[in-house]
Amino acid sequence: MSTPALLNIRAVKKSFAQPGGGRLPVLDVPQFDIAAGEQAVLIGRSGGGKTTLLHLIAGLTTPDEGSIRVGDIELTELSEAGRDRYRASMLGYVFQTFNLLSGFTALENVRLGMSFASGRHDLARAHELLDRVGLADRADYRPSQLSVGQQQRVAIARALSSKPRLLLADEPTANVDPASQQQVIDLIRETCRDEQIGLLLVTHTMDVADQFDRVENLADINLAFKAAAGATH
Ligand SMILES: Nc1ncnc2c1ncn2[C@@H]1O[C@H](COP(=O)(O)OP(=O)(O)OP(=O)(O)O)[C@@H](O)[C@H]1O
Ligand SMILES: [Mg+2]
């Protein structure tokens, strides 16, 4: 039996209005799929559209055209409120810029990830996740009292807190030292494997990418990139 699909992207295009006028085509992706529980890494040059693709999958932005399905849900048919509910129920997201809430402690930030999802406040799981990211002794610290790498680890704990079906992680090791980097990757991959969470992880670090069975270069799946490259010749 084949593994059921978790993510199906079909003929998705996304462009942005340029400050000087006109539109910049960033993504033209005919097809991109992730199976349930699959772990894939996405690489590509800076400015190539990796974060844009993750934002589309998260329903934070909408494509100009095309279809994005996650499980049974067609994201392009959802209202903004529907996309909020989709994110809360199915998605974990580690932002490139963390997006922690500054008025709350590390522990509260992790628990907020759960309350958005289900109204649950699983204190034991929040403590366990902080422990797993090596921050058991920083539970009561606010983001401004944490180092950048520590903030990144809180963001990872928060993204996993609601047991999502799909985790999107945008350079989750960009701000941690090489030793902690491996711990963070192991934590993400083990938790995703144990809880059958599909994973799409963006990285610039080849040491990280090499650990994954599936490595996708955005340039290979994105025709907009090929069109832009062709136009320069
Ligand atoms: N809101 C926006 N308005 C206009 N242009 C945008 C917007 N967001 C992104 N872009 C443009 O889209 C392109 C892709 O940006 P994106 O953030 O997806 O790149 P990236 O692959 O994540 O890069 P990095 O590796 O540096 O994080 C960039 O050229 C950027 O200028
Ligand atoms: Mg990015």
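Remember, it's 1-based here, ligands and their atoms both numbered in the order they're listed. As the structure is a computational prediction, the values presented were derived from the model and not from experiment.
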Closest protein heavy atom to [atom], given as residue, atom name and distance to 0.1 Å:
atom	result
atom 25 (O) of ligand 1	K50 NZ, 2.7 Å
atom 27 (O) of ligand 1	Q96 NE2, 3.0 Å
atom 26 (O) of ligand 1	S46 OG, 2.6 Å
atom 12 (O) of ligand 1	V26 CG2, 3.4 Å
atom 11 (C) of ligand 1	F16 CD1, 3.9 Å

(request) Could you point out which residue of Q181, Q183, Q152 forms a side-chain contact (heavy atoms from CB on, under 4.5 Å) with T173? (result) Q181
(request) Could you list the atoms of ligand 1 found under 4.0 angstrom from a heavy atom of E171? (result) 25 (O), 27 (O)
(message) Can you name the atoms of ligand 1, numbered from 1 with element, that are less than 4.0 Å from a heavy atom of H204?
(response) 25 (O)
Any N/O pair [X]/ligand 1 closer than 3.5 Å:
X	value
L24	no
G48	yes
G47	yes

(message) I'd like the name of whichever of L42, T52, T61 reaches closest to atom 18 (O) of ligand 1 through any heavy atom.
(response) T52
(request) Answer yes or no for H55: is there a heavy-atom contact with ligand 1 below 4.0 Å? (result) no
(message) Taking the cut-offs as 6.0 angstrom to the six-membered ring centre and 45 degrees off its axis, would you call R214 and F212 a cation-pi pair?
(response) no
(request) Mark yes when over 12 heavy atoms from residues, nucleotides or ligands other than R165 sit less than 6.0 Å from its CZ; otherwise mark no. (result) no
(message) With a 6.0 Å cut-off (strictly less than), is the heavy-atom count around CD of Q18, excluding the residue itself, greater than 12?
(response) yes
(request) Could you walk me through whether L218 and I43 pass the side-chain contact (heavy atoms from CB on, under 4.5 Å) test, one step at a time? (result) CA-CA 6 Å; L218 184 60; I43 58 172; over 6 Å; no
(message) My question is simple, although I want it checked carefully: is atom 14 (C) of ligand 1 less than 4.0 angstrom from any protein heavy atom?
(response) yes
(request) Ignoring hydrogens and angles, state whether a donor on the side chain of D140 or T105 is under 3.5 Å from an acceptor on the partner side chain. (result) no
(message) If we count only N and O atoms by modelled type, under 3.5 Å, do the side chains of R189 and Q39 hold a donor and an acceptor together?
(response) yes
(message) At under 4.0 Å between heavy atoms, is it the side chain or the backbone of R45 that contacts ligand 1, or both, or neither?
(response) backbone
(request) Examine the proximity of ligand 1 to T51 and report which part, side chain or backbone, both or neither, has a heavy atom under 4.0 Å away. (result) both
(message) Listing by chain and number, which protein N, O or S atoms are under 2.8 Å from the Mg ion (ligand 2)?
(response) T51 OG1, Q96 OE1
